[in-house]
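Input: a single structure, listed below in structure tokens.
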Amino acid sequence: MDTFYDFINYLNKNRDKIKKGMKMDETSKIFNFYNILFNKNYFPFDQYEIEKIDVAATDSSEFTRTLYNGKNIIIIRGYTLYNNEVIKDFKADIIPVDPNDIRNFTILLMENSEHLSIINLLNSYSPEYIFVDGSLKGRLSHSNKPMDIENYETFMDEYFKNLKTMIKKAYEKNVKLIFIAKSDYSDSFRKYLLSIAEKDILNSDVIEHENKYYSNDHYLIKSLAKYKGYTQPLMYKKNLYGTDINYVTFDVLPDLNDLPMKVDVLSKEFLKEDLNSNNRLIYNIDKNIINLIFYGYASYKVYNIWLVNVDKKVKFRSKEMENVYMKAFERETGIPFYETRGERRVRLRI
């Protein structure tokens with residue numbers, strides 16, 4: 001408790017600043033500026049009965065442990081769950097990775113495993129929709145530079161080829177890929193609203209201020225939304241290894257007391273849209289997709305029933321890793337499992 005009162009003191013001193021950073025002041029000029037734009041580009045959700053649900057869902061998990069020799073055991077698995085069948089991808093390796101790079105590296109490995117799992121699914125099945133945990137925009141935005149990791153120097157080339165193959169197969173089978181991110185730093189919707197306002201010279205001083213002020217889409221939605229709904233879907237174009245792909249992005253607020261979700265959708269139907277690479281297109285997304293996303297929401301903990309279900313299956317558990325995988329490591333190699341002191345402290349919660 002010796003630092004708790006220090007924390008309370010910090011909150012008391014910074015209360016107004018913290019509140020301003022979490023939600024707009026409804027008496028401010030900025031709030032009034034956005035409120036009009038927002039209400040014209042945010043739509044209420046009216047649910048209707050779903051006659052057919054043909055959905056698969058994909059997620060991944062990772063386990064890493066640093067050994068006394070400085071190398072890392074990395075275990076990755078990606079699962080796609082469809083009609084109670086699990087289609088998997090698995091990877092394990094022992095490699096040296098800079099501690100500063102390990103988190104980003106494992107994220108890339110997990111995303112790649114998800115892509116491979118979906119490819120394996122599409123080799124045999126054609127669900128109407130596949131939900132994927134995470135952001136499509138983030139995957140398309142990764143740098144394709146060589147990696148300073150032994151035997152993985154050209155991994156990003158493999159990553160993007162697998163991503164392209166996954167998209168190509170989904171197009172061939174007319175399968176829609178729906179990416180859902182629970183947290184997001186994107187400001188694409190904010191920039192869209194500002195671009196509309198730029199046509200009005202009366203807003204020039206507010207726009208100049210806003211272009212210097214950090215705020216993302218979810219900040220706007222939590223500040224301005226008065227009912228559950230979704231933002232104006234916007235279409236963007238991205239070149240992926242010589243092929244232009246169009247994807248639609250928007251935000252969903254499933255409940256006023258919950259947080260928004262960023263949604264990216266890939267569909268063969270978008271290919272017919274003629275979109276310049278530097279422009280975006282306002283798009284009327286299929287209402288079945290909107291309905292399905294809201295239908296799949298159950299609560300703060302169950303933001304999507306299909307993704308939560310596959311997450312439960314794919315996630316590595318501590319007992320599973322310590323008592324099964326790591327014991328197998330010792331048994332098969334004949335080497336006692338020596339971990340670093342730092343890793344031991346983390347595992348034992350000391």
Side-chain angles (χ1 to χ4, degrees), residues 58 60 78 80 89 104-105 107-123 126 129-149 152-181 184-196 198 216-217 231-251 261-286 289:
T58 302
S60 59
T80 297
D89 175 74
N104 288 336
F105 180 54
I107 288 174
L108 290 169
L109 291 176
M110 290 165 66
E111 290 176 350
N112 188 58
S113 188
E114 291 168 2
H115 303 160
L116 291 171
S117 175
I118 291 173
I119 290 170
N120 292 337
L121 169 82
L122 293 175
N123 285 335
S126 302
Y129 306 97
I130 301 177
F131 281 102
V132 187
D133 188 55
S135 164
L136 170 64
K137 181 182 178 181
R139 298 169 196 234
L140 293 170
S141 301
H142 289 313
S143 172
N144 194 10
K145 295 179 181 178
M147 304 186 76
D148 188 22
I149 299 175
Y152 287 84
E153 292 84 358
T154 61
F155 172 74
M156 291 311 299
D157 188 59
E158 175 188 340
Y159 176 98
F160 283 114
K161 285 181 178 178
N162 288 333
L163 177 57
K164 182 177 179 179
T165 298
M166 177 191 72
I167 294 172
K168 184 173 181 289
K169 282 186 173 291
Y171 284 167
E172 289 172 352
K173 296 203 167 187
N174 199 25
V175 175
K176 298 176 179 66
L177 299 172
I178 305 174
F179 295 75
I180 295 185
D184 189 80
Y185 302 101
S186 172
D187 63 350
S188 56
F189 180 60
R190 170 179 172 267
K191 288 180 177 177
Y192 163 68
L193 294 182
L194 288 175
S195 71
I196 296 174
E198 285 176 354
N216 63 7
D217 295 341
T231 62
Q232 172 64 61
L234 304 171
M235 180 177 285
Y236 292 88
K237 177 182 284 188
K238 180 73 174 182
N239 186 275
L240 180 62
Y241 269 39
T243 299
D244 286 332
I245 63 168
N246 291 348
Y247 68 95
V248 170
T249 184
F250 56 97
D251 298 279
M261 301 183 295
K262 177 68 73 175
V263 179
D264 298 324
V265 180
L266 267 174
S267 172
K268 181 181 180 180
E269 297 172 7
F270 302 159
L271 294 177
K272 62 185 179 183
E273 300 294 343
D274 182 18
L275 183 65
N276 294 329
S277 60
N278 294 325
N279 295 329
R280 62 175 167 266
L281 177 70
I282 298 174
Y283 194 80
N284 295 319
I285 193 76
D286 183 352
I289 292 177

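Fair warning: this is a prediction, and the values are worked out from it, not measured in the lab.
- Residues L240 and L163 approach most closely at CD2-CG, 4.1 Å, considering heavy atoms.
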Intermediate values then yes/no, side-chain contact (heavy atoms from CB on, under 4.5 Å), D217 and S188: CA-CA 7 Å; D217 295 341; S188 56; 3.5 Å; yes

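- Counting only N and O atoms by type, the side chains of K169 and N123 include a donor and acceptor under 3.5 Å apart.
- Contact check for L177 versus Y247: no side-chain heavy atoms found under the 4.5 Å cut-off.
- Of the N and O atoms on the side chains of S195 and R280, at least one donor lies less than 3.5 Å from an acceptor on the other residue.
- Between atom OG of residue S113 and atom CG of residue N120 there is a gap of 9.0 Å, rounded to the nearest 0.5 Å.
- In this structure, a donor-acceptor pair under 3.5 Å is present between the side chains of K164 and T243.
- Residues Y159 and N144 form no side-chain contact, since every pair of their non-hydrogen atoms from C-beta on lies 4.5 Å or further apart.
- Look at E269 and K176 and you find a salt bridge, because one of the NZ, NE, NH1 or NH2 atoms lies within 4.0 Å of a carboxylate O, short of that distance.
- One finds the CD atom of E158 at 11.0 Å from the CG atom of L108 (value rounded to the nearest 0.5 Å).
- Few gaps surround NZ on K173; more than 12 heavy atoms of other groups in view lie less than 6.0 Å from it.
- Within the 4.5 Å cutoff, the side chain of I289 has no heavy atoms near those of the V248 side chain.
- Note that CZ of F160 and OG1 of T165 are 13.0 Å apart. Values are rounded to the nearest 0.5 Å.
- With contacts defined as side-chain heavy-atom distances shorter than 4.5 Å, the pair T58/I130 qualifies.
- For the pair I119/D89, no side-chain contact is recorded, criterion being any heavy-atom separation below 4.5 Å from C-beta on.
- You'll find the side chain of F131 stays beyond 4.5 Å of the side chain of V263, heavy atoms only.
- Of the inter-residue distances, the one linking I285 atom CD1 with T249 atom OG1 reads 10.0 Å to the nearest 0.5 angstrom.
- Between D264 and L136, the closest heavy-atom pair is OD2-N, 3.1 Å.
- Under 3.5 Å, the side chains of E114 and S60 contain a donor-acceptor pair of N or O atoms.
- The closest side-chain heavy-atom distance from R139 to V132 is below 4.5 Å.
- Closest heavy-atom contact between Q232 and F250: O-CB, 4.2 Å.
- Annotation: side chain of T231 is not in contact with side chain of Y192 (no heavy-atom distance under 4.5 Å).
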F155 and I149: CA distance, side-chain angles, deciding distance, side-chain contact (heavy atoms from CB on, under 4.5 Å) verdict: CA-CA 9 Å; F155 172 74; I149 299 175; over 6 Å; no

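- Around the CG atom of N284, the shell of radius 6.0 Å holds no more than 12 heavy atoms that belong to other residues, nucleotides or ligands.
- Between atom CG of residue L281 and atom NZ of residue K237 there is a gap of 10.5 Å, rounded to the nearest 0.5 Å.
- In this model, no donor atom of one side chain and acceptor atom of the other lie less than 3.5 Å apart for N216 and D187.
- With sequence neighbours excluded, no residue forms a ring pair (Phe, Tyr, Trp, His ring centres under 6.0 Å) with F179.
- Pairing each heavy atom of H115 with each of N162, the nearest pair is CB-O, 4.3 Å.
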